[in-house]
Amino acid sequence: MNLRTENVKLENYSLEADAAGSPPLIRLKGTFDMTATGALSLFLVSIEGEVRRLRWQDFTIDVTEVYYLSSSCIKSFVTLIEALKKLDFHPRVRIIIHSRLDWHERTFSILSRLAPTLITLDKAG
Amino acid sequence: MPSNAQNRRPRFIRVEFAPASGCLGSIVQIVTDFCRNVVDDQETHFAFQLAAYELIENLVKYSSGERVIVRVEVESTPLGPNIVLATENEATSERLSDVNARLHAAESAADPIVHFDQLVQESLASPGESRLGLGRLRAEGDLVVTHTINNETLRIEVRRPVYRSAREICE
């Protein structure tokens, strides 16, 4: 299935979406400070559009190679999750965090507390 | 033979600069390198990386003056050493009033995680900005946060005790 979401690859971070496998995989890598906020926000809005268009029942977000996520970027995730909560088919999101980076659990558990029935955190690495 | 000064680790670094997003990564790097020099603890490194990004992003976004200050230091106390990160900037009275209220709420929250979850809910009503950064300092960084406002200058300090190699440079 071809996605309408454009991948982003810059010096400090990258954003990739791949629906070739099942479930679809979103992968973030790098440092997401304030300079990444605009690109991440647009990317996640596009992902939300694909979830609606293709009626994804579940998908995975791999953040194991994320080294920093700013509060503005957290807000972009919060906006995505609030939009997903309003869909009638309740897609489930599995977020893969790094098992040895304790801050990953603290940061991304904010999202699972926001939508505990939709979001699960799994550790890898 | 190298002198004692050459062998000693840094006690503080102070950087004064004109706020611009292009400075962000390099100033954060100075803070995180300082922390790695004085303490061997990933949690402390993360806490000060988080604080550096959030506080310096705020300097870039909200400072009304032409120069801002970032200072990171090892502070000796009777209970042991702390790492302290401080930022100073000028801001408009409207901005100072807003940040004063938000910092008081963050500093006095009985449970910083509950407080942060409230901020996340409130952020949904502010599409243009996150307003989450100051709340993260305690909730995710486990940092003690204090602030003062003098005239139009805001000073924010975050600190955290350290138990390992920083003790050596305080003795």
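So you know, we letter chains A, B, ... as the sequences are listed, proteins then strands, and number each from 1. In what follows, every heavy atom counts, from backbone to side chain, and hydrogens, waters and symmetry copies are set aside.
- The stretch residues 13-29 of chain A participates, sequence neighbours left out, in no side-chain hydrogen bond (donor to acceptor under 3.5 Å, both in side chains) pair at all.
- Cluster membership for B/L103 and B/I149, using ILVMFWY side-chain heavy atoms within less than 4.5 angstrom, is shared.
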- Message: Could you go through B/Q42 and A/W103, starting from their C-alpha distance and side-chain angles, then the distance that decides it, and tell me whether this counts as side chain to side chain contact (heavy atoms under 4.5 Å, CB included)?
- Response: CA-CA 10 Å; B/Q42 275 204 349; A/W103 70 267; over 6 Å; no
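- Both the backbone and the side chain of B/E140 come within contact range of chain A, each with at least one heavy atom under 4.5 Å from a heavy atom of that chain.
- No more than 12 heavy-atom neighbours from other residues, nucleotides or ligands sit within 6.0 angstrom of CD on A/E105.
- For the atom pair B/F46 CZ and A/H104 NE2, the distance stands at 9.0 Å (nearest 0.5 Å).
- Counting heavy atoms of neighbouring residues, nucleotides and ligands inside a 6.0 Å radius, atom CZ of A/R113 exceeds 12 of them.
- Other residues, nucleotides and ligands contribute only 12 or fewer heavy atoms inside 6.0 Å of the CG atom of B/N151.
- Note: A/S70 OG to B/L24 CG = 9.0 Å, rounded to the nearest 0.5 Å.
- Using non-hydrogen atoms only and a strict 4.5 Å limit, the part of residues 47-61 of chain B facing chain A consists of B/Q49, B/L50, B/Y53, B/E54, B/E57, B/V60, B/K61.
- For a residue to count as touching a neighbouring chain, one of its non-hydrogen atoms must lie under 4.5 Å from one of that chain's; by this rule A/S109 does not touch chain B.
- Following chains of ILVMFWY side-chain contacts shorter than 4.5 Å, one can reach B/V31 starting from B/I13, so the two form part of one hydrophobic cluster.
- Comparing A/T31, A/T107, A/L101 by how many heavy-atom pairs each has under 4.5 Å with chain B, the most go to A/T107.
- One distance of note links CD1 of A/I110 with CG of B/L119; it measures 10.0 Å at 0.5 Å rounding.
- Among A/T79, A/I74, A/N12, the residue with the largest count of heavy-atom pairs under 4.5 Å with chain B is A/I74.
- Both A/L87 and A/L118 are assigned to one and the same hydrophobic cluster, defined by single-linkage of ILVMFWY side chains at heavy-atom distances under 4.5 Å.
- Per-residue heavy-atom pair counts under 4.5 Å with chain A were compared for B/A139, B/G133, B/S126, B/S123, and the maximum is reached by B/S123.
- Under the ring-ring contact (aromatic ring centres under 6.0 Å, His included) criterion, B/H104 pairs with B/H147, not counting sequence neighbours.
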Anything under 3.5 Å between a donor and an acceptor, one on a side chain of residues 35-46 of chain A, the other on a protein residue two or more places apart or in another chain? List them.
from  : atom 1 : to    : atom 2 : distance (Å)
A/T35 : OG1    : A/D33 : OD1    : 2.5
A/T37 : OG1    : A/M34 : O      : 3.0
A/S46 : OG     : A/T5  : OG1    : 2.8

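- Grouping the Ile, Leu, Val, Met, Phe, Trp and Tyr side chains by contacts below 4.5 angstrom, directly or via other members, places B/V72 with B/V15.
- When the shell of 6.0 Å around CD of A/E6 is examined, it contains 12 or fewer heavy atoms from other residues, nucleotides or ligands.
- In this structure, the portion of A/Y67 lying under 4.5 Å from any heavy atom of chain B is its backbone and not its side chain.
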- Message: Run the side chain to side chain contact (heavy atoms under 4.5 Å, CB included) test on B/Q121 and A/V78 for me, step by step, so that the C-alpha distance in whole Å, both residues' side-chain angles and the decisive distance to 0.1 Å come before the verdict.
- Response: CA-CA 9 Å; B/Q121 290 294 338; A/V78 168; over 6 Å; no
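- Considering only heavy atoms from C-beta on, A/K75 stays 4.5 Å or farther from B/V120 through its side chain.
- In this structure, the portion of B/E43 lying under 4.5 Å from any heavy atom of chain A is its side chain and not its backbone.
- Counting heavy-atom neighbours within 6.0 Å of B/E94 CD, excluding the residue itself, gives a total of 12 or less.
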